[in-house]
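Only one structure is covered here, and it is reproduced in the block below.
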There are 2 protein chains.
Amino acid sequence: MKIGELSKKSGLSRDTIRLYEKNELISSSASQSETNNYREYSDDVLLQLQFVSAARTAGISIADLRELMKAFFDSCDPSEAENVIVAKIVELNERIEEIKNVVSFLEAALLKVRGGHSES
Amino acid sequence: MKIGELSKKSGLSRDTIRLYEKNELISSSASQSETNNYREYSDDVLLQLQFVSAARTAGISIADLRELMKAFFDSCDPSEAENVIVAKIVELNERIEEIKNVVSFLEAALLKVRGGHSES
DNA sequence: CCAAACCATGGACTACTGTCTATTGTTTTA
DNA sequence: TAAAACAATAGACAGTAGTCCATGGTTTGG
């Protein structure tokens, strides 16, 4: 498919898709036609974009995603790929804990706001 | 305390502290001295900075933190403050779920990388 | 056929965060 | 008292992420 269709299906703008491609998060091939330089995207790219989109929402940087996507698709060395992925899982679990801490703090603050004016 | 001490205790740079103050995440008072315009920070500000720091690490934006800090300290209307805090808790829990989804995806990818070449 | 819709490219631009620098003034300390 | 350390301010700067625009080429539908 061409970028317009990919844009519609992924919900990402053309510009964003091109940005991701420039950063090697996805790849494309040249169009069949010899007369233009349109890019052709496979269905797999749509799946990849869906993952990338979710990961970006979760706060994973483009640079980190490049590493991940490379590990998924380009790695000649499986153990290298494994290391990258495991490291990212660890990091994300840490982030979950951080967010949980913030949530705990907010819940405590909520109790105070709701009524606990016992001190001072 | 003055900004140097606050910087040491919080682990944030003077510049970052000033940035946060400009964005109303913390506040300070004028120094006792009449001859300078140094700012004076209370111990509470240190606690606030520790929260802010954790929240920034967890990916909460300065703009959102301004709303939260305002809800904590400046709100004349407790139910308004409550709404802001509850909304943020909901949002953070959603973010946790998003990150968990990404982790699940990565774990599945790990299985594939580790050996599961059964299909295709 | 021709206009509308599509595509690629490059660069400008925005917003956000944070750092660094220069300047100037104040306090501390040796 | 003089140097060193500290402070405030403003503006420049850098990196990240994404959008917008201008240009020019291509495809498609009426």
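Lettering of chains follows the sequences in order, A, B, ..., and the numbering in each one begins at 1.
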Once you round it to whole Å, what is the distance between [atom2] of [N] and [atom1] of [X]?
X       : N      : atom1 : atom2 : answer
A:Arg14 : C:dT9  : CZ    : C1'   : 14 Å
B:Arg66 : C:dA15 : CZ    : C1'   : 13 Å
B:Arg39 : C:dG25 : CZ    : C1'   : 16 Å

Note to self: Strictly below 4.0 Å, N to O, side chains only: are A:Glu91 and A:Lys88 in salt-bridge contact?
What the structure shows: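 Yes, this pair counts.
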
Next item on the list: State plainly whether the residues A:Glu82 and B:Arg114 are in salt-bridge range, i.e. N to O under 4.0 Å.
Entry: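 Salt bridge flag = yes for B:Arg114 with A:Glu82.
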
Note to self: Applying a strict under-4.5 Å side-chain criterion to I, L, V, M, F, W and Y, I'd like to know whether B:Leu46 and B:Ile26 cluster together.
What the structure shows: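 Yes, same cluster.
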
We want to know whether [X] and [Y] form a side-chain donor-acceptor pair, criterion being a heavy-atom distance below 3.5 angstrom.
X       : Y       : value
A:Ser79 : A:Asp77 : yes
B:Glu5  : B:Tyr41 : no
B:Glu21 : B:Ser28 : yes

Check: For B:Arg18, which contact category applies under a 4.0 Å heavy-atom criterion: base, sugar-phosphate, or nothing?
Finding: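 The answer is base, as B:Arg18 lies within the cut-off (heavy atoms under 4.0 Å) of a base atom.
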
Margin query: Assuming nearest nucleotide by heavy-atom distance, tell me which of B:Tyr38 and B:Lys2 is located more 5' along DNA chain C.
Written below: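 Mapping each residue to its closest nucleotide by heavy atoms, the 5'-most match is B:Tyr38.
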
Next item on the list: Shoot me the first and last contacting nucleotide of DNA chain D against chain B, ordered 5' to 3', at under 4.0 angstrom to non-hydrogen atoms.
Entry: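 With heavy atoms of chain B under 4.0 Å away, the range is D:dC6 to D:dT9.
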
Using a cutoff of under 3.5 Å, can you pull out all pairs of nitrogen or oxygen atoms linking the protein to nucleotides 16-19 of chain C, with atom names and distances?
{"unit_1": "C:dT17", "atom_1": "OP1", "unit_2": "B:Ile62", "atom_2": "N", "d": "3.0"}
{"unit_1": "C:dT17", "atom_1": "O3'", "unit_2": "B:Arg56", "atom_2": "NH2", "d": "3.0"}
{"unit_1": "C:dG18", "atom_1": "OP1", "unit_2": "B:Tyr20", "atom_2": "OH", "d": "3.3"}
{"unit_1": "C:dG18", "atom_1": "OP1", "unit_2": "B:Arg56", "atom_2": "NE", "d": "3.3"}
{"unit_1": "C:dG18", "atom_1": "OP1", "unit_2": "B:Arg56", "atom_2": "NH2", "d": "3.3"}
{"unit_1": "C:dG18", "atom_1": "OP2", "unit_2": "B:Tyr20", "atom_2": "OH", "d": "3.1"}
{"unit_1": "C:dT19", "atom_1": "OP2", "unit_2": "B:Ser13", "atom_2": "OG", "d": "2.9"}
{"unit_1": "C:dT19", "atom_1": "OP2", "unit_2": "B:Thr16", "atom_2": "OG1", "d": "2.1"}

Check: Is any side-chain heavy atom of B:Gln48 less than 4.5 Å from a side-chain heavy atom of B:Met69?
Finding: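 Touching, per the 4.5 Å side-chain cut-off.
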
Checklist line | Set of residues satisfying side chain to side chain donor-acceptor pair (under 3.5 Å) with respect to B:Asn23, sequence neighbours excluded | finding: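 B:Arg66.
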
